[in-house]
Amino acid sequence: MDAFKLMKELKVNYEQEVYYLPREAGLSLIETTTQDDSRISAKCRDAKVEDLWSLTSFFGYSTQTFVLAVNLLDRFLAMIRIQQKHLSCVSLSCLHLAAKVTEEECNVTPTDELIRIGQCRFTVSDLSRMENIVTEKLHFKSKAITALTFLHLYHQIILSEYTEGKETLSLEKLEAQLKACLCRISFSKAKSSVLALSLLRQEIEAVQSEDMLEIAFHIQRHLKIADGDLLLWSERVARCLSDYASPECSKPNHRRLQWIVSRRTAQNLHSSYRSVPELPTIPEGCWDESESEDSCEDVMSSGEESLSSSLGSDAGGRYFPLHLCRQKHRQHLDA
């Protein structure tokens with residue numbers, strides 16, 4: 001896909017991302033909840049997201065599945081104030097919903113196996129009922145625009161204009177960095193487009209590519225992302241990844257899922273056992289509706305006005321510096 005089509009797709013996603021963001025008021029309420037409260041605290045939410053990362057790795061699910069599951073979880077928690085005892089059921093239902101959308105049908109883990117491996121105490125019917133509740137509350141059908149959506153588009157745009165980036169800009173590493181950030185609820189307050197661009201800019205600066213940095217700047221200008229917003233989240237991303245790379249950081253550990261499984265469970269799952277890949281390194285109870293309450297307005301409300309008319313008049317013009325376009329043209333002639 002050429003740069004023009006990619007930029008057009010980018011603009012469409014940018015206009016719609018607001019409908020898939022968690023309500024900030026709900027997230028702030030979680031952050032101010034104390035650990036001894038029966039409601040969900042930030043630490044409790046972050047621990048559950050780390051569990052989802054471990055389960056995603058254990059079952060061989062894609063990054064897309066994990067990111068979508070976290071998006072559904074955060075949107076639901078920001079809308080409905082639930083108690084801690086219901087969190088496992090909510091999080092697993094989000095993971096199962098995400099897997100059914102993003103994974104091949106033959107690779108989706110059966111619900112009973114998902115519950116056993118997750119070491120949960122609810123039943124298959126509980127999980128099914130919770131999936132229906134999440135789907136109804138979020139008006140979820142089959143998609144969501146997330147930071148991963150923008151990360152993939154940004155990566156494609158850069159490679160379409162600067163083919164040398166294929167050797168230096170690793171999408172796999174960017175995805176791993178995104179997953180690390182999503183384990184902290186504070187990053188759920190960032191706009192998906194800004195968080196993804198913050199990750200991209202940091203990685204480009206690390207490989208010291210002026211050409212890719214210039215393309216990233218044109219993406220920022222095209223989406224009219226403020227310098228202050230980008231700087232704020234870039235600093236937070238840098239701190240998060242620095243902490244993640246430190247030896248003191250307790251990272252999600254999929255190996256725990258191997259040695260907490262009993263011998264009987266292991267025998268029952270022997271026929272469907274899957275190998276457990278390594279997580280990427282970044283160096284460098286039933287539902288009781290009477291106990292829930294709406295904590296904020298519907299997350300799907302379109303409170304922000306459309307940005308379609310404010311993205312600039314360069315929709316049909318050139319997006320990137322002329323020397324990069326000439327370089328691409330010369331490479332095409334040499335080929």
Closest contact, heavy atoms only, [X] versus [Y]:
X: Ile30; Y: Ala78; value: CD1-N, 4.5 Å
X: Arg75; Y: Leu138; value: NH2-O, 3.5 Å
X: Glu31; Y: Ala42; value: CA-CB, 4.1 Å
X: Ala98; Y: Ala69; value: CB-N, 3.7 Å
X: Asp46; Y: Ile185; value: OD1-N, 3.0 Å

Between [X] and [Y], does any side-chain donor sit less than 3.5 Å from a side-chain acceptor?
X: Ser193; Y: Glu17; result: yes
X: Tyr61; Y: Thr109; result: yes
X: Gln202; Y: Ser234; result: no
X: Ser54; Y: Ser57; result: no
X: Thr135; Y: Asn132; result: no
X: Asp74; Y: Ser188; result: yes

Subject >> Steps toward salt bridge (Lys or Arg N to Asp or Glu O under 4.0 Å) verdict (Asp51, Lys48) >> reply: CA-CA 5 Å; Asp51 288 344; Lys48 190 55 63 177; 3.7 Å; yes
Original post:
Do Asp243 and Arg239 sit within salt-bridge range, that is, some charged N less than 4.0 Å from a carboxylate O?
Top reply: no
**OP:** Would you mind checking if Glu175 and Lys179 are paired as a salt bridge, meaning a charged N to carboxylate O distance below 4.0 Å?
**Re:** no
Original post:
Can you name the one residue among Leu151, Leu241, Leu182 that meets side-chain contact (heavy atoms from CB on, under 4.5 Å) with Gln177?
Top reply: Leu241
**OP:** Determine, stepwise, if the pair Tyr154 / Leu10 fulfils side chain to side chain contact (heavy atoms under 4.5 Å, CB included).
**Re:** CA-CA 8 Å; Tyr154 295 159; Leu10 183 62; 3.6 Å; yes
Original post:
Mind checking whether Trp233 and Phe187 have parallel, tilted or perpendicular rings, split at 30° and 60°?
Top reply: tilted
